[in-house]
Amino acid sequence: MSSLSQKLTFIMEDAFSALDLPAENARVSVSAQAQGTQFQCNGAMASAKAARKNPREIAQNVVDHLKDSKSSDIFEDISIGGPGFINITLKDAYIADNVKELLTSERFGIASAPQGQSIVLDYGGPNIAKAMHVGHLRSSIIGDALRRMCLYAGYNAIGDVHMGDWGTPMGMILSELDLMKFDGEITMEMLAEIYPKASTACKEDKERMALARDATKKLQEGDGEYTKKWREFIDVSITGMKKNFDAMGVHFDEWKGESDAHPFIEGMINDLRDKGLAIESEGAVIVPVAQDGDKKELPPLMLLKSDGAVLYGTTDLATIMERKKSHNPIKIIYIVDQRQSLHFEQVFRAAKLSGIAPENEIELVHAGFGTMNGADGKPFKTRDGGVMRLEELISMAEKKAQTRLDEAELAKDMDEAERAGIAHKVGIAALKFADLQNNRIADYIFDIDRMTSFEGKTGPYLLYQSVRIKSLLRKAGVSDGIACDEFKVTDDDRALTLLLSELPSHFDAAMKNYTPHILCDYAFKLAQEFSSFYGNCHIISERDEVLKLSRLALCQQTYKQLSLILSLLGMEIPERM
RNA sequence: GCGCCCUUAGCUCAACUGGAUAGAGCACCUGCCUUCUAAGCAGGGGGUUACAGGUUCGAGUCCUGUAGGGCGCACCA
């Protein structure tokens, strides 16, 4: 079981091979032309040069071959267009057979990865003592979606929040507590005040900074008193983070941080020194990672500062060791701001050079994303110039959904709790979809109106269509799978039927490039196609029993797919809305 | 100075990795609640894909250059 375009590709590959044409040119895709033809293959033109033939002639050979062969009962029409496009239209009987197969397929035709392979995903990346703001949105939402996708693809996917809990900011807080002579219970509110205060003071005053550096070093060396206090405010901080992540429905399997790599660092540095990879330079310890043929001058990865303290790159490298030991993953995916691409290039090179992550054992991927800008194209700020907190954003979206619900006739018989539950699901779907539908690589404009919009290409639209189907199936008394002995395809539902078969192609593409927006796009098209079908056709009131059953099956299949994709994207469908 | 990324409709974004007439949503205009949820559907207008060359049967996509924007270049994370 696979998508129709994949099946047709197999058939086309056979035809190409039989005619001594390169099979890799045989790929069949959904037709770009809206009307008329259903699928197309562009391989004749690609093969023309090497075969020294006219592309139309090649296309004709392929078409003749296919018409002669037994697969001819598949094609309603197969013809040549333009410079050599092979256009394919399928027989309804073949489409019907395919749907029948799809209806009983557990995974919609999506292939499953070999068992026992792990992938670690590094996303979220909140910092201790800092309030989570909209900047954490992308990493969390994209990362969580990719984790769910990897899981569905059959991998043992492990999401790690990888907190910033080990750098100089920790020393800033500890030294600030010293200066305050503080000895009570640390609260979230306190932390929110202390950190910015300490950070500013350190920037302005070199001596104050020295205190922070000193405290950082002591902490990293295992000072008892500091460790105790550190543990205390880490726990407080994590409680706050969990609140935010829970509200967004972002899940982590591990709550590790930079500090968890600490036990690996000393051994790692010694090993790198022994291998001659780590060297002293200006009092610091570095790993040169430049290679012949580099276009740019790649600075070395610094492991130890001249004062002996570790850095971001040190913990990142050691974290790979830690992950290798605990999970032995085939891949580690970092969902981190694109601006850090140089840093990851350095770490990845050092990991390969040192054998910490041999190239053929662990694949290291930086799935970077663009910077979030405000409407003016500059990094996003609220109207008063501050940073918008995540909680604020979530509650804005929820409130808008609440208002929308209060206006609706439907909500009259709902109690408070049900309304709040729906408003939450709708609000979160709006936020997540607004973010996920963008290709992750490019910078994007953070538009609060778009984030909290419920019309058009939005999360709530997808929820709405799903809810409509669910309601329809409920009224029709359909609960479990519908197996159609006979499936009837008509002009009103053919487009939806064909689209339903294409999920595997889109899932594969999204996985390959780590781009959830491909799934967003497919889900939207599917919902739109369904909505059109829903508007044009009678379903429950259809008199033709075979057609009615076929259409109910289509509804259910659409619901199942939307439900799967929404869950992969981290959205929940309410019972009604 | 060196390097990376970006520039597509008024706005926000797609375009299956080189394919046919570049698609969606928002906004604007016209219809549709007496069929199963109108957070919806049907239809309309809106484009020299920043610019100039090049490669190719074929370029938004690849190569070169120019302009504009963003970012990064060892003791922050």
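So that the names make sense, note that chain A is the first sequence line, chain B the second, and so on, each numbered from 1.
- Residue A:K49 contributes atom NZ, which lies 12 Å from atom C1' of B:G58 at whole-angstrom precision.
- Using a 4.0 Å heavy-atom criterion, one finds that A:P299 contacts the sugar-phosphate atoms exclusively.
- With hydrogens and angles left out, the side chain of A:S505 and the base of B:C16 share no donor-acceptor pair within 3.5 Å.
- When heavy atoms are screened at a 4.0 angstrom cut-off, A:A48 is found touching no nucleic acid atom at all.
- Between A:Y559 and A:Q465, the side chains place no donor N or O within less than 3.5 Å of an acceptor N or O (distance only, hydrogens not considered).
- In this entry the distance linking NZ of A:K470 with P of B:U37 reads 14 Å, nearest Å.
- For the residue pair A:D521 and A:H506, no side-chain donor N or O sits within less than 3.5 Å of a side-chain acceptor on the partner.
- Put simply, A:Y522 has no side-chain N or O that comes within less than 4.0 Å of OP1 or OP2 on B:C16.
- Positionally, the nearest nucleotide of RNA chain B for A:N439 lies more toward the 5' end than for the other of A:G313 and A:N439.
- At least one side-chain nitrogen or oxygen of A:S531 sits closer than 4.0 Å to the OP1 or OP2 atom of B:C41.
- One finds no side-chain N or O of A:K525 lying less than 4.0 angstrom from the OP1 or OP2 phosphate oxygen of B:G23.
- There is no side-chain donor-acceptor pair under 3.5 Å between A:S31 and A:Q38.
- A:I448 places its CD1 atom 16 Å from the P atom of B:U12, with the value rounded to the nearest Å.
- Look at A:Q346 and you won't find any side-chain N or O under 4.0 angstrom from OP1 or OP2 of B:C73.
- Between A:R450 and B:U12 there is no side-chain N or O to OP1 or OP2 distance below 4.0 Å.
- One can place CD of A:Q291 at 16 Å from C1' of B:G3, the figure rounded to the nearest angstrom.
- Residue contacts shown for A:E258 are limited to sugar-phosphate atoms, with no base heavy atom under 4.0 Å away.
- Note on A:R474: nothing from the nucleic acid sits closer than 4.0 angstrom, heavy atoms only.
- Classification of B:U37 as anti follows from a glycosidic angle more than 90° from 0.
- Among the heavy atoms of the strands lying under 4.0 Å from A:L311 are primed sugar atoms or P, OP1, OP2 only; no base atom is included.
- If you check distances only, the side chain of A:D165 never reaches the base of B:A77 with a donor-acceptor pair under 3.5 Å.
- Across all strands shown, B:U17 has no partner, as no Watson-Crick or G-U wobble contact with both distances under 3.5 Å is found.
- For B:U12, the base has no donor-acceptor partner in the side chain of A:N438 [N/O atoms by modelled type, under 3.5 angstrom].
- Heavy atoms of A:L405 sit under 4.0 angstrom from at least one base atom.
- Between B:C75, B:C16, B:C41, one nucleotide has an atom nearer to the side chain of A:R27 than all others, and that is B:C16.
- The residue A:A284 sits close to a base: some heavy atom pair falls under 4.0 Å.
- At B:G25, none of the side-chain N or O atoms of A:T458 fall inside 4.0 Å of OP1 or OP2 (strictly under the cut-off).
- Side chain to side chain, A:R27 and A:S5 fail the donor-acceptor criterion of an N or O pair below 3.5 Å.
- Put simply, A:K305 has a side-chain N or O that comes within less than 4.0 Å of OP1 or OP2 on B:C76.
- Using a 4.0 Å heavy-atom distance criterion, A:S471 is classed as a base contact.
- Here the nucleotide nearest the side chain of A:S306, chosen from B:U35, B:A74, B:C75, is B:C75.
- At the heavy-atom level, A:L342 lies under 4.0 Å from the strands shown only through sugar-phosphate atoms.
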Would A:R208 and A:E176 count as a salt bridge (Lys or Arg N to Asp or Glu O under 4.0 Å) if you check the C-alpha gap in whole Å, the side-chain angles of each, and the deciding distance to 0.1 Å?
CA-CA 9 Å; A:R208 176 68 189 80; A:E176 189 68 23; 2.8 Å; yes

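- Considering only side-chain N and O atoms, A:Y464 lies under 4.0 angstrom from the phosphate OP1 or OP2 of B:A39.
- Backbone-only contact: A:E455 has heavy atoms under 4.0 Å from sugar-phosphate atoms and none from a base.
- Relative to the six-membered ring of A:Y534, A:R468 meets both conditions, a distance below 6.0 Å and an angle of at most 45° to the axis.
- Remark: B:U66 base-pairs with B:A50. Criterion, Watson-Crick or G-U wobble with two distances under 3.5 Å.
- In terms of phosphate contacts, A:Y461 brings a side-chain nitrogen or oxygen within less than 4.0 Å of OP1 or OP2 of B:C41.
- Checking B:A74, B:C16, B:U37 against the side-chain heavy atoms of A:R468 singles out B:U37 as nearest.
- Base orientation of B:C71: anti (glycosidic angle beyond 90° from 0).
- An OP1 or OP2 oxygen of B:A15 is reached within less than 4.0 angstrom by a side-chain nitrogen or oxygen of A:H517.
- Between A:I445 atom CD1 and B:C6 atom C1' there is a gap of 11 Å when expressed in whole angstrom units.
- Stacking annotation: A:F524 is not stacked on the base of B:A24 (requires ring centroids less than 5.5 angstrom apart and an interplanar angle below 30 degrees).
- Residue A:R339 places none of its side-chain N or O atoms closer than 4.0 Å to OP1 or OP2 of B:C73.
- Residues A:S259 and A:D165 bring a donor and an acceptor atom of their side chains to less than 3.5 Å of each other.
- For the pair A:Q465 CD and B:C36 P, the computed distance is 15 Å after rounding to whole Å.
- Between the side chains of A:Q340 and A:Y312, a donor-acceptor pair is found at a separation under 3.5 Å.
- Remark: C1' of B:U35 and NE2 of A:H538 are 5 Å apart, rounded to the nearest angstrom.
- Within the nucleic acid shown, A:N25 has no heavy atom closer than 4.0 Å to any nucleic acid atom.
- Distances shorter than 4.0 Å separate some side-chain N or O of A:T168 from OP1 or OP2 on B:A77.
- No contact: A:D447 has no heavy atom under 4.0 Å from any strand.
- B:U37 atom C1' lies 11 Å from atom CZ of A:F530, rounded to whole Å.
- Side-chain polar atoms of A:R213 and A:S175 form no donor-acceptor pair below 3.5 angstrom.
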